[in-house]
Student: 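Before I ask anything, here is the structure I am working with.
Since this is a predicted model, take the numbers as computed values, not measurements. Numbers here are sequence positions counted from 1. In listed order, ligands and their atoms are each counted from 1.
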Amino acid sequence: MSVIAITGSASGIGAALKELLTAAGHTVIGIDRSHADVEADLSTDEGRAAAVAAVLERCSNVLDGLVCCAGVGVTAPSSGLVVAVNYFGVSALLDGLADALSRGRQPAAVVVGSVAATQPGAAELPMVEAMLAGDEARAIELAEQGGQTHLAYAGSKYAVTCLARRNVVDWAGRGVRLNVVAPGAVETPLLQASKADPRYGESTRRFVAPLGRGSEPREVAEAIAFLLGPQASFIHGSVLFVDGGMDALMRTKVF
Ligand code: NAI
């Protein structure tokens, strides 16, 4: 059985994944702001470093799986926080735990992106280049200038997807597979907050996939568990949309 670290394990998709993997006999190290094995704030350098150190201690420097699931949505208090958690909270954990993963058994990592990454214009946002350059202060400054949390969200999810894909050669050299799961609407507290928001509520409620419903957190967790496991042994650098057909509907000819 494997030792797998999951950020955002206290709620939603991360909590469903923790339950699924624990029931399958794996040892899960949950990371979150509270109600977790490792309690840390992934929006800060200190919190990220503390999270990495605590995971390394708990796994004795050998990790079989990592899932970067923690994230904040469009109702976050600021665009800067969206960038800090959704991009830099992921890149720091990937960097900090890559060596431990390279010592693991059939190791794999999954980044939780979003179908929002494919939103028109997301790729061209100046904040994206700053994120990919690793310049957190500049990325936050640009995100705050833009002011709209939904743009910061789309930009952060686009950038974090590029980050994972650009690591394919490096991580293959370490023997670690790395993939992205891009959920559509998932019935979690994050989505409920968007639906209740005066700015984003209506568009969120109208965002209904061809399958006619949002997914349960467990349905996304199952896809992540698949990508972590041996059945996915040749899947590397992929983006798996778990979105009820939303991406195929919006971008039929792009794949
Ligand atoms: P959620 O709100 O239920 O869970 C997110 C978890 O991340 C929470 O436990 C929260 O405490 C943790 N977190 C947030 N900021 C943190 C910080 N600074 N430090 C440590 N932990 C922090 O949300 P959900 O829906 O389960 O989201 C999980 C991931 O799925 C996120 O990355 C989100 O962007 C992504 N996603 C969600 C969709 C949805 O419709 N719910 C759609 C597409 C992507």
Side-chain angles (χ1 to χ4, degrees), residues 5-20 29-52 54-55 67-78 80-93 110-119 122 136 140 149-150 152-161 163-164 180-197 200-201 203-205 207-209 213-221 223-224 239-244 246-247:
I6 305 174
T7 72
S9 61
S11 178
I13 298 167
L17 181 65
K18 182 172 185 187
E19 192 181 317
L20 185 73
I29 304 170
I31 306 153
D32 211 302
R33 284 176 295 198
S34 60
H35 303 100
D37 307 305
V38 172
E39 295 186 354
D41 179 357
L42 298 176
S43 72
T44 68
D45 275 339
E46 302 73 43
R48 296 164 197 152
V52 167
V55 170
V67 180
C68 293
C69 188
V72 291
V74 295
T75 62
S78 74
L81 183 68
V82 174
V83 165
V85 178
N86 294 8
Y87 183 85
F88 292 97
V90 174
S91 63
L93 275 272
V110 174
V111 168
V112 179
S114 171
V115 74
T118 66
Q119 189 174 301
E136 183 166 5
I140 288 176
T149 49
H150 75 280
Y153 187 77
S156 70
K157 292 300 186 179
Y158 176 79
V160 87
T161 303
L163 173 74
V180 178
V181 161
V186 192
E187 300 297 345
T188 68
L190 183 150
L191 184 71
Q192 294 315 320
S194 307
K195 282 182 180 172
D197 188 271
Y200 301 116
S203 56
T204 307
R205 288 190 296 273
F207 185 72
V208 179
R213 62 179 177 85
S215 76
E216 293 303 318
R218 168 93 182 196
E219 295 176 286
V220 180
I224 298 171
V239 181
L240 176 57
F241 287 90
V242 185
D243 66 350
M246 187 56 93
D247 181 58

Student: Please determine which of Val220, Val112, Val67 meets the side-chain contact (heavy atoms from CB on, under 4.5 Å) test together with Leu17.
Tutor: Val67

Student: Sort out the contact shell of ligand 1: every protein residue with a heavy-atom distance below 4.0 Å, listed by chain and number.
Tutor: Gly8, Ala10, Ser11, Gly12, Ile13, Asp32, Arg33, Ala40, Asp41, Leu42, Ser43, Cys69, Ala70, Gly71, Val72, Val85, Val112, Gly113, Ser114, Tyr153, Lys157, Pro183, Gly184, Ala185, Val186, Thr188, Pro189, Leu190, Leu191

Student: Okay, side chain of Asn86, backbone of Gly71: is any donor-acceptor separation there less than 3.5 Å?
Tutor: no

Student: Quick one: are Leu42 and Leu93 in side-chain contact, heavy atoms under 4.5 Å?
Tutor: yes

Student: Of all heavy-atom pairs between Ile31 and Ala36, which one has the smallest distance, and what is that distance?
Tutor: C-CB, 3.9 Å

Student: Could you walk me through whether Lys18 and Asp37 satisfy the salt bridge (Lys or Arg N to Asp or Glu O under 4.0 Å) test, starting with their C-alpha distance in whole Å, then the side-chain angles of each, then the deciding distance to 0.1 Å, before giving a yes or no?
Tutor: CA-CA 11 Å; Lys18 182 172 185 187; Asp37 307 305; 3.3 Å; yes

Student: Is there side-chain contact between Tyr153 and Gln119, with at least one heavy-atom pair below 4.5 Å?
Tutor: no

